[in-house]
Asker: 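Following this message is one structure expressed as structure tokens.
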Amino acid sequence: MCITLAVLLKSFALILLVAQCIVLAVWVLRTGRWRALCFVLAAVVMIQGSQWGIRQLYGWRDGQLVNEGSGMLTWAVMGLQSNWEGWRAPGWYNNYNWDTYEECGFDHDATVAMAKADLQKRLERFAGDPAYTKNFFLKKTYSQWAEPTYQCFWINQNKESGQPTTSLMEAVCADTPLNAHLVEWMNQYQSLIWVCGAWYLWHKRKNLQMEQLLPALAIFGGFLFQLVWEGKSQYILQYFMLALLYGAAGLNEMAAALKIRLLKPCSGQGKTAKAS
């Protein structure tokens with residue numbers, strides 16, 4: 001039920017379901033308990049059934065069938081485009097999906113056909129200019145995974161004026177000393193979690209069970225997905241929350257290792273004094 005609700009709210013929550021299915025498949029192969037695969041079947045039925053039911057409900061309320069929209073391919077094409085919005089990074093939202101859908105008369109098949117043609121052009125550009133391709137994906141990745149606020153301040157701006165809606169929000173979200181301190185603190189905290197999490201996974205790589213790697217598998221899948229999908233740093237928040245598990249464990253391991261190293265000289269001195 002939870003994964004179904006997650007997919008209905010954001011379709012790329014399917015990455016979490018795929019990670020769950022991979023771990024479950026490995027577990028089934030090891031244990032032979034094939035009935036556990038009923039989870040996959042139940043998830044697919046609930047997700048597809050819910051999406052179908054929502055389309056039918058909206059069609060009934062509107063008095064006409066609801067088509068398939070612009071299609072997921074338009075989001076992927078947008079994620080591979082240079083951004084003409086000015087301040088936004090490569091691959092970020094640029095209204096391509098809506099503009100293409102509108103240009104094609106809101107016809108799903110025509111929109112998908114145009115998206116395929118545009119995708120071919122982008123792939124040819126990437127293949128023909130390796131330096132451009134490297135720079136594109138470096139900037140896109142950095143803009144999403146190294147942005148510590150996950151757009152929380154940007155989202156709380158008034159869309160018409162571009163300014164915060166209240167004095168408190170202005171102090172927190174606008175270009176103020178408080179905002180600068182918050183961003184710096186968030187940057188350090190984010191770095192701490194990623195570094196400690198990576199250290200923990202590397203340090204414990206030979207001892208971790210498959211199910212303990214589920215969050216890491218979802219993070220890795222999300223990283224690959226965000227390379228081609230429409231970019232936003234806010235999309236990375238769910239992966240950062242998964243990384244908190246490894247970050248906390250890594251910090252704990254580091255603290256324990258540091259404590260042992262600090263206590264060793266003290267123990268040696270105590271034995272020497274006692275012997276004297």
Side-chain angles (χ1 to χ4, degrees), residues 1-52 54 71-73 75-76 78-80 91-92 137 140-148 150-151 189-253:
M1 291 177 64
C2 289
I3 193 65
T4 298
L5 180 60
V7 173
L8 289 177
L9 294 175
K10 270 298 183 186
S11 59
F12 58 70
L14 284 168
I15 295 171
L16 302 177
L17 177 60
V18 172
Q20 290 174 344
C21 291
I22 292 174
V23 172
L24 183 62
V26 173
W27 184 79
V28 168
L29 290 174
R30 288 177 175 176
T31 63
R33 300 179 182 179
W34 297 95
R35 290 182 180 179
L37 293 178
C38 290
F39 165 78
V40 181
L41 178 62
V44 171
V45 170
M46 291 182 66
I47 292 171
Q48 292 296 323
S50 299
Q51 293 176 339
W52 178 85
I54 290 174
M72 297 182 68
L73 184 61
W75 293 87
M78 179 164 53
L80 297 174
W92 280 47
F137 286 106
K140 182 181 181 183
T141 300
Y142 184 79
S143 69
Q144 295 181 98
W145 293 85
E147 200 283 283
Y150 303 104
Q151 295 181 267
Y189 178 70
Q190 175 187 247
S191 300
L192 177 69
I193 295 302
W194 286 121
V195 169
C196 291
W199 183 87
Y200 177 79
L201 287 172
W202 175 256
H203 185 66
K204 295 290 187 179
R205 64 188 184 280
K206 296 181 179 179
N207 302 320
L208 291 175
Q209 301 297 319
M210 185 63 184
E211 53 269 24
Q212 292 175 300
L213 293 173
L214 175 58
L217 188 61
I219 294 172
F220 179 71
F223 178 82
L224 296 179
F225 179 77
Q226 288 303 137
L227 285 175
V228 298
W229 196 252
E230 173 248 350
K232 277 193 178 79
S233 60
Q234 70 184 86
Y235 295 159
I236 310 303
L237 180 58
Q238 65 173 346
Y239 306 118
F240 178 73
M241 293 174 69
L242 293 176
L244 287 173
L245 304 171
Y246 299 120
L251 189 61
N252 186 57
E253 290 284 336

Asker: Quick one: which of Phe223, Tyr246, Trp145 gives a ring pair (Phe, Tyr, Trp, His ring centres under 6.0 Å) with Tyr239?
Answerer: Trp145
Asker: Any chance you could measure Asn252, atom CG, to Tyr200, atom OH, to the nearest 0.5 Å?
Answerer: 9.0 Å
Asker: Hey, could you give me the CD/OG distance between Gln226 and Ser143, rounded to the nearest 0.5 Å?
Answerer: 10.0 Å
Asker: Residues two or more places apart in sequence or in another chain: which of them pass side chain to side chain donor-acceptor pair (under 3.5 Å) with Tyr235?
Answerer: Glu230
Asker: Ignoring hydrogens and angles, state whether a donor on the side chain of Gln190 or Tyr150 is under 3.5 Å from an acceptor on the partner side chain.
Answerer: yes
Asker: Above 12 or not: heavy atoms from other molecules or residues under 6.0 Å from CE of Met241?
Answerer: no
Asker: Output a table of donor-acceptor pairs, distance under 3.5 Å, between side-chain atoms of residues 14-40 and any protein atom two or more places apart or on a different chain; print 'none' if there are none.
Answerer:
residue	atom	partner	partner atom	Å
Thr31	OG1	Trp27	O	2.8
Thr31	OG1	Arg33	N	3.3

Asker: Are the side chain of Lys140 and the backbone N or O of Gly231 linked by a donor-acceptor pair below 3.5 Å?
Answerer: no
Asker: Can you find a pair of side-chain heavy atoms, one from Gln151 and one from Lys232, that are under 4.5 Å apart?
Answerer: yes
Asker: What is the ring orientation for Trp75 with Trp229, classed by angle as parallel under 30°, tilted 30 to 60°, or perpendicular over 60°?
Answerer: parallel
Asker: State, with a plain yes or no, whether a side-chain heavy atom of Ile47 is found less than 4.5 Å away from one of Leu8.
Answerer: no
Asker: Can a donor-acceptor pair be found, under 3.5 Å and without considering hydrogens, that links the side chain of Ser11 to the backbone of Val7?
Answerer: no
Asker: Check whether Gln212 reaches the backbone of Gln209 with its side chain - one donor and one acceptor, N or O, closer than 3.5 Å.
Answerer: yes
Asker: Please state whether the rings of Phe225 and Phe12 are parallel, tilted or perpendicular, taking 30° and 60° as the class boundaries.
Answerer: tilted
Asker: Just to verify, what does Lys204 make a salt bridge (Lys or Arg N to Asp or Glu O under 4.0 Å) with, not counting sequence neighbours?
Answerer: Glu253
Asker: Run the side chain to side chain contact (heavy atoms under 4.5 Å, CB included) test on Phe240 and Tyr189 for me, step by step, so that the C-alpha distance in whole Å, both residues' side-chain angles and the decisive distance to 0.1 Å come before the verdict.
Answerer: CA-CA 11 Å; Phe240 178 73; Tyr189 178 70; 3.8 Å; yes
Asker: Which heavy atom of Thr4 sits nearest to which heavy atom of Ser50, and what is that distance?
Answerer: CG2-OG, 3.6 Å
Asker: From His203 NE2 over to Leu208 CG, what is the distance, rounded to the nearest 0.5 angstrom?
Answerer: 10.5 Å
Asker: About how many Å separate CG of Leu242 and CD1 of Ile193, when rounded to the nearest 0.5 Å?
Answerer: 12.5 Å
Asker: Please evaluate residues Trp92 and Gln144 with respect to the criterion side chain to side chain contact (heavy atoms under 4.5 Å, CB included), reporting the C-alpha separation (whole Å), side-chain torsions for both, the decisive distance (0.1 Å), and the verdict.
Answerer: CA-CA 9 Å; Trp92 280 47; Gln144 295 181 98; 4.0 Å; yes
